[in-house]
Amino acid sequence: MELESLVRRAETQVFEAPDLDSLAEIERGLVGKKGELTQLKKTLGSLAPDERRAAGQSLNDALGQVVEAVQVRRKTLATAAEVAQLQSERLDLTEVMSNERRGHLHLVTQARDRLEDVFVGMGFTVAEGPEVETAWYNFEALNIPEWHPARGTFDTIFVDLGEPEEVMMRAHTSPVQIRTMENQKPPIYIVAPGRTFRTDTADATHLPAFNQIEGLVIDRGIGLGDLAGTIDSFVKAFFGHDVKTRLRPSYFPFTEPSAEFDISTPSGDWLELGGCGVVHPAVLQNCGIDPEEWQGFAFGFGIDRLAVMRYQLDDIRELVNNDVRFLSQF
Ligand code: DAH
């Protein structure tokens, strides 16, 4: 009877053990060397031999019951511990990081892309040329021989290669006109955006490395009216239909007649955008094109300046300072 209640108490203790460590302690206290039940074995010796058998049997049964209870509880606690560990070490691979930041194209790249889109929409293709040029492409073929005073106005950055002043950073995108006419038969309808370089010191309105876009059309029966109409269409597509254009007589060695083209501002002023004109017959001849059969027009203007106008920037240097606070506005 005493043994039975001892076993019941032991089982309760075992099944209430909160973790494996305390279970081990309880086990030791019950069936360990000096455990309560183990100690009872020693009392068997004091019993009469015929009682001893039955008592020994009951004690063994009791021991077996307690040992089994400990095993069951140990298994439960071990499983729970394993689950808890898996939970705590769990890696959620589906987790979405929310702090990723998305960039965007630079203001000048956006302007160039839009210009290309507008001209491609008008039937032009996009041409390219190298940023380092020879005197032939940068000047001579464009009807600017060595003695020509216009050569000085380009503030050219020369490269220390070949004869002095033979190799240079291109001072404008006009050399792409020559490269295209040398390689392609008319009719030609191209625009050529790209970087250009001059010895200018950077200030609010100048950058020594800047971007231009050149346009060239060569076809039969092309004249000044086609030029004016093309510029007007492009300006309206790019700036909006309220913006007007005008041509002002000017001088460039590679066009005749030559003009500067302006766009109107909301306040009623005119802003100069670039140069243009009817391609000079000498330029066509330099590229092996017969000026009696083919005529054309060309134009060129600064893309950075265009971005400055469109976004009303105070200082063109903002475009190259790379201050994220400025750039992320666009
Ligand atoms: N290349 C000239 C410059 O950078 C701009 C220019 C003027 C380009 C007249 C042209 C043109 O194609 O016809 O100053």
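Just so you know, ligand 1 is whichever comes first in the structure, and atom 1 is the first atom listed for that ligand. Source: prediction; values computed, not measured.
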If I apply the N/O under 3.5 Å rule, does F299 come out as touching ligand 1?
yes
A student comparing E260, Q212, H172, E214 should find that the heavy atom closest to atom 10 (C) of ligand 1 comes from E214
Short list, please: which atoms of ligand 1 are under 4.0 Å from a heavy atom of S174?
1 (N), 8 (C)
Atoms of ligand 1 less than 4.0 Å from C276 heavy atoms?
7 (C), 9 (C), 11 (C), 13 (O)
Is the number of heavy atoms from other residues, nucleotides or ligands within 6.0 Å of CD (E163) greater than 12?
no
Say whether G277 and ligand 1 are in contact under the criterion: heavy-atom distance to a ligand atom below 4.0 Å.
yes
If you draw the axis of the six-membered ring of Y137, does the NZ or CZ of R179 fall within 45° of it and under 6.0 Å from the ring centre?
yes
Can you tell me if CD on E272 sees more than 12 non-hydrogen neighbours from other groups inside 6.0 Å?
yes
Option set G300, A150, A192, G296, criterion heavy-atom distance to atom 5 (C) of ligand 1, minimum:
G300
Considering R170, R198, Q177, which one's heavy-atom position lies nearest to atom 3 (C) of ligand 1?
R198
Side chains of Q212 and T196: is there a donor and an acceptor less than 3.5 Å apart?
no
Distance under 4.0 Å to a non-hydrogen atom of T255: what atoms of ligand 1 satisfy this?
13 (O)
Measuring centre to centre across the rings, with the benzene-like ring taken for any Trp, is F301 within less than 6.0 Å of F234?
yes
Of I218, N286, I190, V176, which meets side-chain contact (heavy atoms from CB on, under 4.5 Å) against M181?
I218
Under 3.5 Å, N or O to N or O, is A298 touching ligand 1 that way?
yes
On the ring face of F238, is R310 found with NZ or CZ under 6.0 Å from the centre and within 45° of the axis?
yes
Count the heavy atoms of every other residue, nucleotide or ligand shown that sit under 6.0 Å from CD of E131, and state whether that count exceeds 12.
yes
Of all the atoms in ligand 1, which lie at a distance below 4.0 Å from a heavy atom belonging to F252?
7 (C), 9 (C)
Can you report which non-hydrogen protein atom sits closest to atom 11 (C) of ligand 1, along with the distance?
F254 CE1, 3.5 Å
